[in-house]
Amino acid sequence: MFDLPAETKKEMKDYRIFRKSLLENGFVMLQYSIYYRSLPNRSSLKKYESILKRLVPQGGNVRLLYVSETQFQDMILLAGSRSRQEEVVGVNRLVVI
């Protein structure tokens, strides 16, 4: 989850680079500024945590949250519909948000 400043040209560039890097690393947009990726096991978590730490631009607010597949599936959708990616995530995976 992130909230990055986008007032100056440099901040806008940093935002675009960060968002593009998330997509290149297999993250999928759940909502604006909320991206997730499912992982097969806990050892993969540290790998992506270190990748994200290197990608985070200066300024703004970036948070990393680990949830189990069960917790992710139990998310209550109040409006809209689940994406195809959300339906595909298996029951034996961890989800990084």
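Throughout, residue positions are numbered sequentially from 1 according to the sequence presented. Everything numeric in this text was worked out from a predicted model, so none of it was measured.
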Quiz item: Between Tyr32 and Leu64, is there a shared hydrophobic cluster once you connect ILVMFWY residues whose side-chain heavy atoms come closer than 4.5 Å?
Solution: yes
Practice problem: Kindly give the heavy-atom pair with the smallest separation between Asn61 and Arg63, and that separation in Å. | Solution: OD1-NE, 3.3 Å
Practice problem: Begin with the C-alpha distance, continue with both residues' side-chain angles, and end with the deciding distance and a verdict on side-chain contact (heavy atoms from CB on, under 4.5 Å) for Met75 and Leu30. | Solution: CA-CA 12 Å; Met75 183 174 17; Leu30 179 64; 4.3 Å; yes
Quiz prompt | Greater than 12 external heavy atoms within 6.0 Å of Met12's CE | solution = no
Practice problem: With the side chain counted from C-beta on, respond yes when Leu22 and Leu52 share a heavy-atom pair under 4.5 Å apart, and no when they do not. | Solution: yes
Practice problem: Could I get the full list of side-chain contact (heavy atoms from CB on, under 4.5 Å) partners for Glu11, not counting sequence neighbours? | Solution: Pro5, Glu7, Thr8
Quiz item: What about Tyr48 and Leu23, same hydrophobic cluster or not, with Ile/Leu/Val/Met/Phe/Trp/Tyr joined at side-chain heavy-atom distances under 4.5 Å?
Solution: yes
Quiz item: Atom CE in Met1, atom CD in Gln31: separation rounded to 0.5 Å?
Solution: 11.0 Å
Exercise. With Tyr36 as reference, evaluate Phe72, Phe27, Tyr66 under the ring pair (Phe, Tyr, Trp, His ring centres under 6.0 Å) test and give the passing residue.
Key: Phe72
Exercise. Output every pair passing salt bridge (charged side-chain N to carboxylate O under 4.0 Å, His left out) with a member in residues 13-29, not counting sequence neighbours, ordered by first then second residue.
Key: Lys10-Asp14
Quiz item: In chain order, what residues pass the side-chain contact (heavy atoms from CB on, under 4.5 Å) check against Val62, with sequence neighbours excluded?
Solution: Phe2, Leu4, Phe18, Val56
